[in-house]
Number of protein chains: 2
Amino acid sequence: MTLEDQELKKAGLKVTLPRVKILQILENCSDRHMTAEDIYQALRDSDGDVGIATVYRVLTQFEAAGLVERHNFDNGPAIYEIDRGEHHDHMVCTETGKVIEFHDAEIEALQERIAAAQGYQLVGHSLVLYVKPKTS
Amino acid sequence: MTLEDQELKKAGLKVTLPRVKILQILENCSDRHMTAEDIYQALRDSDGDVGIATVYRVLTQFEAAGLVERHNFDNGPAIYEIDRGEHHDHMVCTETGKVIEFHDAEIEALQERIAAAQGYQLVGHSLVLYVKPKTS
DNA sequence: CCCACAAATGCGAATAGTTCTGATTTGCTT
DNA sequence: AAGCAAATCAGAACTATTCGCATTTGTGGG
C-alpha cells in the first residue's frame, strides 16, 4: 500500500493501475503543469497501455476529489497540477511559455469585495497574467 | 456611408455585407456578450447567408483591428463584445450565467507589480470571477 | 460608369481537445 | 477463488474553430 494508494482510497476512488500511474506522474513531473496529452505521452513512454479517454476521465475524477486542479490558459489544452492546498494564480510568459505561480492576498480580498458589492458571493476565480521578459 | 462602414474603413477592412451585419449585431445586442454561434443564429434569423466560418474569420479580424474583444470563460465557446476602449473584467454567475462587467484600478496596479517583481512586463491578463447570488 | 483583380465568402472538410458508448477487464468483498 | 460493480479500452462522437479552394464581391483606375 503506497502513499498514492492511500490518497486514492481517501478520495473514495478504487485503486487501479491507471489512476496510480497518473498520480505518480503528476507528483514527479518537474514543472508541475501538465496537459492531458503530456500525461498520456509519459504513460506511453514508460510502459502503459492507458487510453487518452482514461487519462481525461481520471483527471476529471481527481479534480472532483480535490487531488488536482485544472486550469485553462486562454485557448489551447487545459493544464493539470497536483493540488497542495495552497491556492495560487498563474503568470504565463508569452515568449517562452514558462508558467510561474504567485499568490497575492490583496487581490484575493479585492475580488471578494467586488463580488459582494454586486450582491454576489465569490465561489471561484481564474486569474492569468500574460507577461514577457522586461528587457525585450 | 453608415457609421459601421466608416468604422470598417478606418480599420482598413473592405466594407462587405457580412462584416457590416456582424458589426451591427454586436452593436445592437442587449447583453453585449455573444458567442460566434449566437451571431451566426442572429444572422440566420434575420436574412443572411453568412457561413459560420465567415463569422469566425470576421470576428478574428475585428479583434485584430481592435473593434471587438474576445474572452474565454473557463471552457466552452469564446464570447465577443464591442471594444469601447474601457478595459474591464468579468464576473459570471454560476447559477444564471449572467455576465457582469467590472473594473478595479487597484487590482490592475497589483498585477503590474506582481509581474515586475518576477522580472516581467505585463502584456495582458484574464480575470474572471465565478460567483453566485449571496442569498443561496 | 465599368472592369479587372485582389480580397472576401461559402461550403465542406479538417483539426484540436475532450467526452461518450458499449463491450471487456479489473479489483474489492466474502 | 467467485461474483459483481466499477473501471478501462478503442473508437466513434462532439464541440469549437480553422483551412482549402472554387466562386463571388468591392474598389480604384481608366
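From a predicted model like this one, the values you see are computed outputs, not experimental measurements. Proteins come first, then strands; the chains are lettered A, B, ... in the order of their sequence lines, and each starts at number 1.
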Going by atom type alone, with no hydrogens or angles, which donor-acceptor pairs under 3.5 Å involve a side-chain atom of residues 73-81 of chain A and a protein atom two or more places apart or on another chain?
from, atom 1, to, atom 2, distance (Å)
Glu81(A), OE1, Arg32(A), NH2, 3.1
Glu81(A), OE1, His88(A), NE2, 3.1
Glu81(A), OE2, His71(A), NE2, 2.9
Glu81(A), OE2, His88(A), NE2, 3.3
Glu81(A), OE2, His90(A), NE2, 3.0

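The nearest heavy atom of DNA chain C to Thr16(B) and to Asn75(B) marks one nucleotide each, and the one closer to the 5' end goes with Thr16(B). Of the two residues contacting DNA chain D, namely Leu13(B) and Ala36(B), the nearest-nucleotide position lying further toward the 5' end is that of Ala36(B). Where Thr54(B) and Val15(A) each meet DNA chain C at their nearest nucleotide, the meeting point lying more 5' is that of Thr54(B).
Not one side-chain nitrogen or oxygen of Tyr56(B) sits closer than 4.0 Å to the OP1 or OP2 atom of dT18(D). In terms of phosphate contacts, Arg19(B) brings no side-chain nitrogen or oxygen within less than 4.0 Å of OP1 or OP2 of dG26(D).
The OG1 atom of Thr60(B) lies 6.5 Å from the CZ atom of Arg70(B); values are rounded to the nearest 0.5 Å.
Counting to the nearest Å, the C1' atom of dA7(D) and the CD1 atom of Ile22(A) are 12 Å from each other. When the C1' atom of dG17(C) is taken as reference, atom OH of Tyr40(A) falls 14 Å away, rounded to whole Å. Summarising the geometry, the separation between CZ on Arg44(B) and C1' on dG10(C) is reported as 11 Å, rounded to the nearest angstrom. Between Lys21(B) atom NZ and dG26(D) atom P there is a gap of 10 Å when expressed in whole angstrom units. Note: NZ (Lys9(A)) to C1' (dT29(C)) measures 12 Å, nearest angstrom. The distance from atom CD1 of Ile52(B) to atom P of dT9(C) is 14 Å, rounded to the nearest whole Å. In this structure, Asn72(B) atom CG and dT18(C) atom P are separated by 12 Å, rounded to whole Å. Nucleotide dA4(C) holds its C1' atom 12 Å from the NZ atom of Lys14(B), rounded to whole Å.
In this model, a donor atom of one side chain and an acceptor atom of the other lie less than 3.5 Å apart for Arg57(B) and Thr54(B).
One can find a donor-acceptor pair under 3.5 Å joining the base of dG10(C) and the side-chain atoms of Arg57(B).
Here Ala78(B) lies in heavy-atom contact (under 4.0 Å) with sugar-phosphate atoms only.
With hydrogens and angles ignored, the 3.5 Å screen pairs no side-chain donor or acceptor of Asp45(A) with any backbone N or O of Ala42(A).
Residues Asp38(A) and Ile25(A) fail the side-chain proximity criterion, which asks for heavy atoms closer than 4.5 Å.
Taking every side-chain heavy atom of Arg70(B) into account, dT17(D) is the closest of dT17(D), dT9(C), dT18(C).
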